[in-house]
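What follows is a set of notes on a single structure, which appears directly below.
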Amino acid sequence: EAGVTQFPSHSVIEKGQTVTLRCDPISGHDNLYWYRRVMGKEIKFLLHFVKESKQDESGMPNNRFLAERTGGTYSTLKVQPAELEDSGVYFCASSRGTGDTQYFGPGTRLTVL
Amino acid sequence: AQSVTQLDSQVPVFEEAPVELRCNYSSSVSVYLFWYVQYPNQGLQLLLKYLSGSTLVKGINGFEAEFNKSQTSFHLRKPSVHISDTAEYFCAVSNRAYKYIFGTGTRLKVLA
């Protein structure tokens, strides 16, 4: 069974540019989560999808972040326009049911210059 | 609100020595507890989890953790570490729902 995959693994952009991160969950997992770790700090929850519906986006930092999961399969997280403080590692996770163990992807390291 | 504290940001230990990585949490409700490991240049991998039942949980690569409800702790232990255990370890808590609360991580450095 393939694990959670994320693309790209690294992204370096300039302040003001747009970046889109992609996450492919484990097949059959209806629940998809985004988390972020800024340097040296804890990994923080951003949002949770069940299929294509956002269940909780309370962790999204501001309206420059937009997450989508059209069709209930893969998800994208767009940052527009990117700011310096958006730098960090963005993790995606998936689980079969809400409350089930979450399996994490390798993360996307975003650097905003 | 839930929180997780990993007091040790870095733990150096010699190869074949035992190690304990500490994790304390605060929560007013029953919780699930997890340890994840991130090896260099890799993603987060589930090491072990406590959902219910026996308070001593065994995970992969010889690691184990003990849930102590009275002390609100979930310390991770390994009796003999290897160089390959060098990684960052994250403790996480969930209130049996979907949102994981993570600690700040502990970098384990195994020395030859």
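In this text the structure is predicted, and so the values were computed from the model without any measurement. The sequence lines fix the lettering, A, B, ..., with proteins before strands; numbering per chain opens at 1.
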Ring center gap for [X] and [Y] short of 6.0 angstrom:
| X | Y | result |
| --- | --- | --- |
| A/F91 | B/F90 | no |
| B/Y100 | A/F45 | no |
| B/F102 | A/Y35 | yes |

* **B/Q45 backbone acceptor or donor facing A/Y103 side chain under 3.5 Å** =>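 Between the backbone of B/Q45 and the side chain of A/Y103 there is no qualifying donor-acceptor contact (under 3.5 Å).
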
* Residue that, paired with B/Y98, satisfies side chain to side chain contact (heavy atoms under 4.5 Å, CB included) out of A/D100, A/D56, A/V50, A/N31 ->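 Going through A/D100, A/D56, A/V50, A/N31 one by one, the side chain to side chain contact (heavy atoms under 4.5 Å, CB included) with B/Y98 is satisfied by A/D56 alone.
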
So what's closer than 4.5 Å to chain A heavy atoms on [X]: side chain, backbone, both or neither?
| X | answer |
| --- | --- |
| B/L44 | both |
| B/K99 | both |
| B/E88 | side chain |

* Asked: Hey, are B/T104 and A/K41 close enough side-chain-wise for a donor-acceptor pair under 3.5 Å?
  -> no

* State the SG-CD distance between B/C91 and A/E42, to the nearest 0.5 angstrom. =>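 It is 12.5 Å, given to the nearest 0.5 Å.
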
* Given a strict heavy-atom distance threshold of 4.5 Å, which part of A/R109 is in contact with chain B: side chain, backbone, both, or neither? -> neither

* Tell me, side chain or backbone of A/S95 under 4.5 Å from chain B's heavy atoms, or both, or neither? ->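 Neither part; nothing is under 4.5 Å.
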
